[in-house]
Amino acid sequence: VQLQASGGGWVQTGGSLRLSCEASGRTFSTYTSAWFRRAPGKEREFVGAIRWSGGNTFYADSVKGRFTVSRNNAKNTVYLQMNSLKPEDTAIYYCAATPRSLILSTVRQANEYDYWGQGTQVTVSS
């Protein structure tokens with residue numbers, strides 16, 4: 001599976017962006033997909049995830065209520081809608097996927113994911 005992330009850019013505080021992660025190579029619809037981010041000088045952190053069915057989503061506390069993960073299985077694409085952006089959301093955002101159906105205790109762990117996209121930069125100015 002190859003993952004291609006896109007949609008990053010520059011936005012002012014309070015603005016919105018939508019990231020996309022398109023998969024190719026295999027049927028993506030049964031995968032657990034996630035978004036992680038790495039801010040300058042910080043460790044990579046979990047942002048949000050969605051199970052293959054789309055019915056279960058998980059979020060980091062820092063983005064809950066502002067970010068939404070969704071998927072379109074027909075397009076083999078996962079999205080991250082980011083609203084009310086803050087300067088602390090500035091980071092490189094990565095999409096990831098695994099064919100396993102992860103549970104709450106593991107979905108936030110980067111080493112549970114087998115495939116990673118190249119990252120897309122999001123910059124939020126104050």
Side-chain angles (χ1 to χ4, degrees):
V1 174
Q2 291 80 45
L3 304 179
Q4 180 71 40
S6 62
W10 179 90
V11 66
Q12 290 187 320
T13 297
S16 298
L17 283 173
R18 188 177 80 156
L19 306 184
S20 299
C21 178
E22 184 175 3
S24 60
R26 278 192 183 178
T27 301
F28 193 50
S29 61
T30 59
Y31 284 48
T32 299
S33 302
W35 291 93
F36 289 79
R37 66 186 182 187
R38 187 191 299 273
K42 294 188 177 182
E43 298 290 318
R44 179 174 51 188
E45 66 172 350
F46 171 80
V47 175
I50 187 167
R51 281 192 181 164
W52 69 270
S53 65
N56 294 101
T57 53
F58 309 85
Y59 297 97
D61 289 342
S62 59
V63 307
K64 199 172 294 184
R66 299 188 297 123
F67 290 12
T68 302
V69 182
S70 62
R71 69 189 306 153
N72 184 328
N73 289 335
K75 294 185 176 181
N76 257 11
T77 302
V78 174
Y79 304 98
L80 179 66
Q81 177 66 45
M82 304 185 294
N83 298 328
S84 302
L85 283 161
K86 306 175 181 179
E88 50 264 43
D89 294 318
T90 294
I92 299 174
Y93 284 70
Y94 299 90
C95 58
T98 175
R100 290 168 289 123
S101 183
L102 301 182
I103 59 176
L104 183 59
S105 62
T106 56
V107 71
R108 292 174 171 80
Q109 298 176 15
N111 59 6
E112 291 289 339
Y113 294 87
D114 304 294
Y115 306 100
W116 290 83
Q118 84 289 1
T120 184
Q121 175 71 48
V122 171
T123 302
V124 185
S125 66
S126 56

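These values consider heavy atoms only, across backbone and side chains, with no hydrogens, waters or symmetry-generated copies. Not measured: the values here are computed from a predicted model.
- In this structure the side chain of Val122 reaches within 4.5 angstrom of the side chain of Leu19, judged on heavy atoms.
- Counting heavy atoms from C-beta outward, Ser33 and Arg71 have side chains that approach closer than 4.5 Å.
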Subject >> Test side-chain contact (heavy atoms from CB on, under 4.5 Å) applied to Cys95 and Trp116, step by step >> reply: CA-CA 6 Å; Cys95 58; Trp116 290 83; over 6 Å; no
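- In this structure a side-chain-to-backbone donor-acceptor pair under 3.5 Å is present from Gln109 to Ser105.
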Original post:
Would Cys21 and Gln4 satisfy side-chain contact (heavy atoms from CB on, under 4.5 Å), going step by step from the backbone distance to the final call?
Top reply: CA-CA 5 Å; Cys21 178; Gln4 180 71 40; over 6 Å; no
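- A continuous path of Ile, Leu, Val, Met, Phe, Trp and Tyr side chains, each step under 4.5 Å between heavy atoms, connects Val11 with Leu80, placing both in one hydrophobic cluster.
- Of the possible polar contacts, none joining the Tyr93 side chain to the Arg38 backbone as a donor-acceptor pair under 3.5 Å is found.
- For Arg66 (side chain) and Ser84 (main-chain N/O), a donor-acceptor pair under 3.5 Å exists by modelled atom type.
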**OP:** With salt bridge (charged side-chain N to carboxylate O under 4.0 Å, His left out) as the test, would you mind laying out the steps for Asp61 and Lys64 before giving the verdict?
**Re:** CA-CA 5 Å; Asp61 289 342; Lys64 199 172 294 184; 3.3 Å; yes
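- Checking side-chain atoms of Thr32 against main-chain N and O of Arg100 turns up a donor-acceptor pair under 3.5 Å.
- In this structure, Glu45 pairs ionically with Arg37, as a charged nitrogen and a carboxylate oxygen lie closer than 4.0 Å.
- Note: the hydrophobic cluster containing Ile92 does not contain Val47 (ILVMFWY, side chain heavy atoms under 4.5 Å, direct or indirect links).
- With 3.5 Å as the limit, one finds no donor-acceptor pair spanning the side chains of Tyr79 and Arg18.
- Under the 3.5 Å distance criterion, the side-chain polar atoms of Asn73 are left unmatched by any main-chain donor or acceptor of Asn76.
- The distance from atom CZ of Arg108 to atom CD1 of Ile103, rounded to the nearest 0.5 Å, is 11.5 Å.
- Judged by distance alone, with hydrogens and angles left aside, the side-chain atoms of Tyr59 form a donor-acceptor pair with the main-chain N or O of Val69 at under 3.5 Å.
- Thr98 and Asp114 share a side-chain donor-acceptor pair at under 3.5 Å.
- One hydrophobic cluster, built from ILVMFWY side chains closer than 4.5 Å, cannot hold both Val78 and Tyr94; they sit in different ones.
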**OP:** For the pair Ile50 and Trp35, evaluate side-chain contact (heavy atoms from CB on, under 4.5 Å) and give the outcome as yes or no after the intermediate values.
**Re:** CA-CA 9 Å; Ile50 187 167; Trp35 291 93; over 6 Å; no
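- Each of Leu102 and Val1 belongs to its own hydrophobic cluster when Ile, Leu, Val, Met, Phe, Trp and Tyr are linked at side-chain heavy-atom distances under 4.5 angstrom.
- With a 4.5 Å cut-off on side-chain heavy atoms, Gln12 and Trp10 count as touching.
- The neighbour count for Glu88 CD, taken as heavy atoms of other residues, nucleotides or ligands under 6.0 Å away, is above 12.
- The hydrophobic cluster containing Phe36 does not contain Tyr115, counting ILVMFWY residues as joined when their side-chain heavy atoms lie under 4.5 angstrom apart, directly or transitively.
- Interatomic distance, Tyr31 OH to Leu3 CG, rounded to the nearest 0.5 Å: 9.0 Å.
- Closest approach of Arg44 and Ala110 over heavy atoms only: NH2-CB, 3.6 Å.
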**OP:** Let me see the working for Ser6 and Thr120 under side-chain contact (heavy atoms from CB on, under 4.5 Å), right down to the final yes or no.
**Re:** CA-CA 6 Å; Ser6 62; Thr120 184; 5.6 Å; no
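- Taking CG of Leu17 as the start and CG of Leu85 as the end, the distance is 5.5 Å to the nearest 0.5 Å.
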